[in-house]
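A short write-up of the structure that comes next.
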Amino acid sequence: MDTMKTGCPFLFLLSILLSLELANANDTVRITVDPNDRILECSEEPSVNGYFCLNEDQNEYLIVRSLGGSDFVSDGVLGGKRRWYGIKKIESQDGILIYESNHYQNLPLSVPMDTPAYYEKSLMDHYLKLENDIMALEIPSHNNIAPSKKYARFLEKNLKGLKEERDEIFSNLKKNKINVSLDNGTQIACRRKPSFHTKKIQKMSDMCQVFSCGKDQRGLMRTLFFAMGGAPSHIIYLGKDGFYNGPKVNRIDKSSSAKEAIPLYIKKDFSSWVLPRIPETYSPPPNLLDQSDFFARMQSPFYEPGLRSLGSQCLPHTWKDFDLALKRYKEKLLEAELVQYITVINDMNLGKNLLQGYFIPKEQIPGNACLENGIYYDRNIYDKAKALAPSFSDQTISKEKARELFDYAKKMDDIPWDYKRDGCYARAHLTAKRFEELGVHVDKAWLRGDLGFEESDGTFIRWNFHVAPTVYVKSPEGQTQKFVIDPAFFDRPVPVALWAKTISRTQNIIETPYPFPENSTEYARSSLAFSNSDPYHPEDDLKVTEKEKIEKANKVMAVYRGDYDE
């Protein structure tokens, strides 16, 4: 009896241990990574929605992240041997395939980094790499699962080393005096402009990143924007009449009598940072040729906000001269003599042929263009562009009927009118087609530019284009007027002029044919264009069918209703 009593607990404990061992075995997997088809023995780490692996070569742990999305595994080894590998496949211990990459490329995302060889380009490059490594480790669990003790120890060990390394580099990057080498061989000294902060700062983002570099031989003020976030560091040359071209930044060093072997920054190729689709042969209008560098940068909608972000911690007077130059620059934009040119752009990134319009100087009109009513067309796509024009039908409706259509649209329960940040193209297309089913003639009003709308709670929404259905309303006096039906932003049908004025952040609104000029914002204009009901989105391929448009519109609406399931 006593033996039985002592034996049962032992067997019970043994069964628990065996079950735990089996459970752990079931949770382990083998992951094959590049290079050399290396196999890692891994266990699940639910806190990072991935796996925690043992590197048998060095007895160090690795973390698998973003399975099925980015397809990579990164180790967190200290001592300058961090590397990111591509994942080929994941298998259970009994050989069952769990995951296999369909788009695997035999290329590591980065090369091994050994001290001091990790200074591939500059201190800033390495600082950014460390920031990314730290951010990847510090990202909180999205499923509120606490990390395992093993993983917690791994985080503590690696974060400590990474942060010490980052802080050492930062102590050099935060110098207030720097030496700048320009690509014409000139050496200039620059001093950081005053910051809001007076205490010792621990992060670069908390300090003014704008430097004053004196004046050049022309008397132009040189202002350096020393970027830390991947944007190019460059000098802007300011004069009374705007921004001017000048030598570019080639290298930045600490201000020191001793020669620094490792620069803070060296010039990189940021040609892809500005991505206008407009053909490369197009250049600034004649009155802005001496400001062509700034003009090229301003083609990106992110450029000016990026500068403001770099100077967000600077004292307000930092922007006084910049704002005066910017005001004059925009005045010159409005003074530029431009024409609209409509052509086809082959967008390699999107894999589409897009029918698009642009503002360009008249001197740059291609030789194969044809002219109609002041608008230039690529001769090969003239018919396609004209096929999208509004018909201005005599099928008018009364103001009361327009109100009925507005109420009818407002009650469409599959259209999330309250979601205003995106989806106007889908709302407009579905609404227009339903109006047509009721026998109402519908066109579309498009607005391109710096657009925005302030909601009742003070939230401000911004877009680069907006579209809504347009109907033709005849007054009792017999006059016909275009009204826009846009329940997302109005409580009634409104005249198209009021619609455009309400959502445009500039009152320089120009009526143009559709497709509107893509670079309207870059020329400080808003372009108001009208089409028939056929166009769905400005970036639709010319071959898209009506069936595909309806399918896309319904999918977009389902996503913004919150009930779309892939």
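Predicted model only: the values in this text are computed from it and were never measured.
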Is there a donor-acceptor pair under 3.5 Å between the side chain of [X] and the backbone N or O of [Y]?
X      : Y      : value
Asn532 : Ala387 : yes
Thr318 : Leu315 : yes
Ser504 : Gln507 : no
Trp417 : Ala409 : yes
Arg222 : Cys213 : yes
Asp216 : Gly219 : yes
Lys420 : Ala488 : yes
Asn353 : Leu542 : no
Gln340 : Pro515 : yes

Is the closest basic N to carboxylate O distance between [X] and [Y] below 4.0 Å?
X      : Y      : value
Glu372 : Lys386 : yes
Lys543 : Asp541 : no
Asp241 : Lys332 : no
Glu437 : Arg434 : no
Asp407 : Arg403 : yes
Arg462 : Asp422 : no

[X] side, atom [atom1]; [Y] side, atom [atom2] - distance, nearest 0.5 Å:
X      : Y      : atom1 : atom2 : answer
Met557 : Asp413 : CE    : CG    : 13.0 Å
Thr223 : Tyr237 : OG1   : OH    : 10.5 Å
Lys501 : Leu528 : NZ    : CG    : 14.0 Å
Ser233 : Gln209 : OG    : CD    : 8.5 Å
Tyr358 : Gln364 : OH    : CD    : 13.5 Å
Ile397 : Leu438 : CD1   : CG    : 10.5 Å

Decide side-chain contact (heavy atoms from CB on, under 4.5 Å) for Val180 and Leu224; before the verdict, give the C-alpha distance in whole Å, the side-chain angles of both, and the deciding distance to 0.1 Å. CA-CA 9 Å; Val180 178; Leu224 170 69; 4.0 Å; yes
Distance alone, cut at 3.5 Å: any donor-acceptor contact between the side chains of [X] and [Y]?
X      : Y      : result
Asp457 : Thr459 : yes
Asp486 : His466 : yes
Ser526 : Asn508 : no
Tyr472 : Asp443 : yes
Tyr536 : Glu548 : no

Only one of Phe211, Tyr303, Tyr265 forms a ring pair (Phe, Tyr, Trp, His ring centres under 6.0 Å) with His234, so which one is it?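 The ring pair (Phe, Tyr, Trp, His ring centres under 6.0 Å) with His234 is passed solely by Tyr303 among Phe211, Tyr303, Tyr265.
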Can you spot which of Lys552, His537, Glu546 makes a side chain to side chain donor-acceptor pair (under 3.5 Å) with His429?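 Of Lys552, His537, Glu546, side chain to side chain donor-acceptor pair (under 3.5 Å) with His429 is met by Glu546 alone.
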Given side chains that start at C-beta, do those of [X] and [Y] come closer than 4.5 Å, heavy atoms only?
X      : Y      : value
Asn380 : Val344 : no
Ser122 : Tyr127 : no
Lys474 : Gln479 : no
Leu289 : Asn245 : no
Leu288 : Phe294 : no
Thr470 : Val484 : yes
Phe465 : Cys424 : yes
Leu355 : Ile381 : yes

Lys401 vs Val471, side-chain contact (heavy atoms from CB on, under 4.5 Å): CA-CA, chis, key distance, verdict: CA-CA 10 Å; Lys401 179 64 176 179; Val471 294; over 6 Å; no
Candidate pair Glu337 and Lys362, rule salt bridge (charged side-chain N to carboxylate O under 4.0 Å, His left out), full reasoning: CA-CA 7 Å; Glu337 296 183 4; Lys362 189 174 181 179; over 6 Å; no
Give the intermediate values and the outcome of side-chain contact (heavy atoms from CB on, under 4.5 Å) for residues Thr502 and Phe490. CA-CA 10 Å; Thr502 301; Phe490 297 89; 3.9 Å; yes
Looking only at heavy atoms, which two atoms of [X] and [Y] are closest? And how far apart?
X      : Y      : result
Val496 : Ala445 : CG2-CB, 4.1 Å
Leu326 : Arg308 : CD2-NH2, 3.8 Å
Gln356 : Ile345 : OE1-CG1, 4.1 Å
Pro469 : Val442 : CB-CG1, 3.9 Å
Leu354 : Asp540 : CD2-O, 3.6 Å
Arg192 : Cys208 : NH1-O, 2.7 Å

Checking [X] against [Y]: charged group under 6.0 Å from the ring centre and within 45 degrees of the axis?
X      : Y      : result
Arg525 : Phe359 : yes
Lys482 : Phe530 : yes
Lys399 : Phe483 : no
Arg492 : Phe406 : no

Taking it one step at a time, do Arg505 and Phe460 satisfy side-chain contact (heavy atoms from CB on, under 4.5 Å)? CA-CA 12 Å; Arg505 286 166 56 84; Phe460 196 83; 3.4 Å; yes
Using the side chain to side chain donor-acceptor pair (under 3.5 Å) rule, take Glu436 and Ser533 through it: C-alpha gap first, then chi angles, then the decisive distance, then the call. CA-CA 9 Å; Glu436 289 178 340; Ser533 65; 2.6 Å; yes
Which residue in the set Lys384, Lys433, Lys549 passes salt bridge (Lys or Arg N to Asp or Glu O under 4.0 Å) when paired with Asp534?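 Considering Lys384, Lys433, Lys549, a salt bridge (Lys or Arg N to Asp or Glu O under 4.0 Å) with Asp534 is found only for Lys433.
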Ring geometry between Phe243 and Tyr329 (parallel below 30°, tilted from 30 to 60°, perpendicular above 60°):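 Ring orientation of Tyr329 relative to Phe243: perpendicular.
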Taking the six-membered ring for Trp, are Trp463 and Tyr425 ring centroids under 6.0 Å apart?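 No, ring centres 6.0 Å or more apart.
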Can you confirm whether or not the ring centre of Tyr376 sits under 6.0 Å from the ring centre of Tyr382?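 That pair fails the under 6.0 Å test.
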